[in-house]
There are 2 protein chains.
Amino acid sequence: MEQQSPDLDGVGVRHRATIAEIARAADVSRQTVSNVLNAPHRVREETRRRVEQVIADTGYRPLKSAQSLRTRRSNLLAVGFQSPGAEPSPVLDVFLHALSTSAQTLGYQILLLTAGSDGAEIQAYTEAVVDYAVDGIVLTGTHTHDERIDWLRRQRLPFVTFGRPWGALGGHSWVDVDGAAGTRAATEHLARAGHTRIAFLGWPAGSGSGDDRLQGWKQACGRAGLPTRGLLRRSANTIEDGRKTCAAVLDQPRPPTAIVCVSDALAVGAWLEMRDRGLVPGRDVALIGFDDSTTASVIGLSSVAQPLPAVADACLDALRGQLGSEGPSSGRWRQVLLQPELVLRESG
Amino acid sequence: MEQQSPDLDGVGVRHRATIAEIARAADVSRQTVSNVLNAPHRVREETRRRVEQVIADTGYRPLKSAQSLRTRRSNLLAVGFQSPGAEPSPVLDVFLHALSTSAQTLGYQILLLTAGSDGAEIQAYTEAVVDYAVDGIVLTGTHTHDERIDWLRRQRLPFVTFGRPWGALGGHSWVDVDGAAGTRAATEHLARAGHTRIAFLGWPAGSGSGDDRLQGWKQACGRAGLPTRGLLRRSANTIEDGRKTCAAVLDQPRPPTAIVCVSDALAVGAWLEMRDRGLVPGRDVALIGFDDSTTASVIGLSSVAQPLPAVADACLDALRGQLGSEGPSSGRWRQVLLQPELVLRESG
DNA sequence: TTGAAAGCGCTAACAT
DNA sequence: ATGTTAGCGCTTTCAA
């Protein structure tokens with residue numbers, strides 16, 4: 001028969017020691033306890049030791065709501081992400097995990113905000129800032145004319161975007177992956193392998209990252225003296241569109257022997273179209289995607305991988321730069337462009 | 001040239017109206033303002049109107065840290081999820097999104113906690129509860145002898161698990177998907193299609209949900225008078241293991257004509273193995289997976305889909321049941337088992 | 001180096 | 001139905 005012991009895990013999570021209790025137990029004032037926590041150098045060695053001992057014994061941790069009420073800082077970071085709707089982004093969940101993990105080691109917690117539109121996302125940020133006094137915001141999936149960025153700047157909130165401010169002025173911190181470098185590496189790899197007609201399946205003009213990745217292909221073709229005319233197809237980002245544009249490009253009089261895609265979604269569509277035609281990707285036609293999704297690894301699709309943990313860390317860095325002083329002063333902005341990595345598999 | 005207007009969005013996010021200001025502007029006491037917000041029925045119609053008008057004009061929203069300091073509630077829910085490491089779970093990110101979206105409509109925010117082990121997750125919960133006074137916890141990915149559940153129960157924290165408490169007593173709220181029903185439906189579908197030898201690729205014994213899904217296959221075979229001997233293979237949850245166990249089961253003297261898998265990871269492995277052998281899944285051998293991952297939809301793999309938005313809503317329901325009164329009293333536990341849906345594609 | 005006092009914004013308890 | 005008082009736990013003055 002077990003003993004009646006209300007709490008097996010030390011003091012237990014429900015008991016809250018207050019700063020006053022610590023002070024009493026250590027025979028100092030509350031203020032000294034606060035100093036031990038927030039400005040240890042101001043406390044005499046011996047006193048500090050004694051207080052720290054009591055803190056350790058009781059498992060005392062300051063209550064954030066009280067701290068926040070006083071200091072207006074919450075150690076909370078909001079990250080907004082919009083529903084990909086149908087197909088979940090292969091990028092965001094890995095990024096989220098990395099961000100949350102790194103944030104926790106820095107003493108921050110992640111408030112997860114979801115929205116269905118830019119307007120809704122702004123609304124969510126508003127509530128997070130007004131209600132919870134979040135210290136900073138991580139915005140994902142930037143696009144041209146991004147009203148979210150405008151809003152954040154107007155409000156002078158500390159924020160960083162995963163994605164460059166396409167077409168905007170860029171007066172803020174951002175972290176992005178060099179998409180052009182990724183498609184350039186993919187195209188160069190194919191050129192080295194002897195391909196002379198390399199097609200590109202892209203997104204409609206005007207999406208920043210889509211245009212960026214397109215440039216990489218164009219540049220690599222230019223440098224290698226390869227043609228691009230008639231080898232570019234644009235479509236929305238669905239598997240079905242990938243099939244169709246792949247079919248279109250293969251049905252040309254002079255079809256390409258290799259295809260680079262702006263995304264894995266399109267590449268997977270192309271992959272399916274090839275299979276249906278009895279073509280083996282990598283043997284008959286080379287194929288390289290972008291994002292290194294799980295699906296890509298499953299079907300042996302070569303792809304360009306984004307260094308998401310590094311992106312997450314850079315985002316936190318940028319945010320901390322803004323949080324250090326009072327408010328985002330220009331000059332504290334960090335702009336980081338990370339290099340992706342070409343992951344080669346059977347298809348290319 | 002634009003006018004110098006510091007804030008275009010109403011009052012702007014940085015200006016905080018306090019309850020005192022609202023009270024002054026509406027010519028009532030602070031308490032009355034508080035009542036308008038928290039107990040409107042106690043306020044005279046006309047007074048309420050006036051106060052509400054001021055609130056609307058100023059865009060006033062109570063500060064959570066102050067509310068929380070007073071009431072010990074934060075309107076914060078913590079959700080813990082461990083890194084899937086290599087292959088991101090096809091389930092968790094969709095679940096997270098659904099959970100966050102529903103939580104926001106209920107006035108809750110999601111604190112995202114990541115951990116690499118059960119111990120680390122408990123540590124993260126501790127900090128979330130002690131520091132941020134989270135109101136409740138959503139735990140994902142239950143397993144047998146789950147120390148996280150034991151800990152949450154000992155601490156008497158409001159919580160709900162996505163996943164049944166396999167092997168434990170079950171004195172808490174949980175939401176789960178009826179895995180056995182899913183594999184049963186899959187197996188019955190195959191039996192109706194004329195298959196008489198249906199194999200199952202499962203996980204090692206002892207994983208609750210794996211055993212559960214296995215049972216569904218066994219039951220369906222039993223009812224249909226189909227054999228199971230020699231048709232079960234167990235392995236870890238990797239694509240490579242799926243390949244191997246699929247190969248093993250196909251190399252038998254009397255191979256199956258259909259295969260049901262405990263997960264899409266294994267099913268994808270089986271799918272690849274079939275293709276390498278020149279077999280067309282769905283034509284030569286039927287194949288059905290579990291989880292309805294993006295990959296499954298891409299490659300035309302039939303699969304069992306979990307109703308994740310419904311799971312998220314049920315989790316929130318269960319949590320709200322516990323938050324209503326002070327503390328989780330027995331009888332307030334909700335246990336919800338939701339039905340999955342068989343999604344048929346080319347492979348089955 | 002330490003302590004005392006004040007107050008962040010809100011709501012529960014009590015008084016009117 | 002409304003107002004008054006007190007205090008949640010912490011940190012920022014300021015004084016000793």
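Letters go in sequence order (proteins before strands), and every chain restarts at 1. Small disclaimer: the values here were computed from a predicted structure and weren't measured.
- Nearest-nucleotide mapping onto DNA chain C: of A:D27 and B:A20, the residue sitting toward the 5' end is A:D27.
- Note: CZ (B:R42) to P (C:dA13) measures 10 Å, nearest angstrom.
- Proximity of B:V160 to B:L139: side-chain heavy atoms (C-beta onward) are nowhere separated by under 4.5 Å.
- The closest donor-acceptor contact from the side chain of B:N38 to the backbone of B:N35 lies at 3.5 Å or more, if one exists at all.
- Inter-residue side-chain proximity for B:I19 and B:Y60 is flagged as met; some heavy-atom pair is nearer than 4.5 Å.
- Distance CG (B:L37) to P (C:dG9): 16 Å, rounded to an integer number of Å.
- Going from atom CD of A:E45 over to atom C1' of C:dT2 covers 16 Å, rounded to whole Å.
- Looking at the side chain of B:T71, the nearest of the listed nucleotides C:dG9, C:dT11, D:dT4 is C:dT11.
- One atom, CG of B:N38, and another, P of C:dA12, lie 7 Å apart when rounded to the nearest Å.
- Candidate nucleotides C:dG3, D:dT5, D:dT11 were compared by shortest atom distance to the side chain of B:R30, and D:dT5 ranks first.
- B:H41 has its NE2 atom 9 Å from the P atom of D:dA1, to the nearest Å.
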*asked:* Let's go through A:E121 and A:S117 carefully: what are the C-alpha distance in whole Å and the side-chain angles of both, what is the deciding distance for side chain to side chain donor-acceptor pair (under 3.5 Å) to 0.1 Å, and is it a yes or a no?
replied: CA-CA 6 Å; A:E121 195 171 325; A:S117 68; over 6 Å; no

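- Here A:R44 reaches the OP1 or OP2 of C:dT2: one of its side-chain N or O atoms lies under 4.0 Å away.
- Candidate nucleotides C:dG9, C:dT2, D:dC10 were compared by shortest atom distance to the side chain of A:R72, and C:dG9 ranks first.
- Relative to the side chain of A:Q67, the nucleotides D:dT4, D:dT11, C:dT1 differ in distance, and D:dT11 lies closest.
- The distance between atom CD of A:Q31 and atom C1' of D:dA16, rounded to the nearest whole Å, is 14 Å.
- A:R61 has its CZ atom 17 Å from the P atom of D:dG9, to the nearest Å.
- Remark: A:T32 is in phosphate contact with C:dG3, judged by side-chain N or O atoms under 4.0 Å from OP1 or OP2.
- Taking both residues in full, the closest heavy atoms of A:L113 and B:Q109 are given as CD2-OE1, 3.2 Å, listed atom of the first, atom of the second, then distance.
- Residue A:S65 places none of its side-chain N or O atoms closer than 4.0 Å to OP1 or OP2 of D:dC8.
- Residue contacts shown for B:L69 include a base, since a base heavy atom lies under 4.0 Å away.
- A:R334 approaches A:S173 most closely through the heavy-atom pair N-OG, 2.9 Å.
- In this model, the phosphate group of D:dT11 is approached by a side-chain N or O of A:S34 to a distance below 4.0 Å at OP1 or OP2.
- Inter-residue side-chain proximity for B:F95 and B:H97 is flagged as unmet; no heavy-atom pair is nearer than 4.5 Å.
- Minimum atom distance to the side chain of A:V43 is reached by C:dT2, of the listed C:dA6, C:dT2, C:dG9.
- Exactly one residue among B:D27, B:L37, B:V33 makes a side chain to side chain contact (heavy atoms under 4.5 Å, CB included) with B:V51. That residue is B:V33.
- Rounding to whole angstrom units, CZ of residue A:R70 and C1' of D:dC8 are separated by 14 Å.
- Interface residues of residues 125-137 of chain B facing DNA chain C, ordered by number: none; criterion, heavy-atom separation under 4.0 Å.
- Among the heavy atoms of the strands, none lies under 4.0 Å from B:S68.
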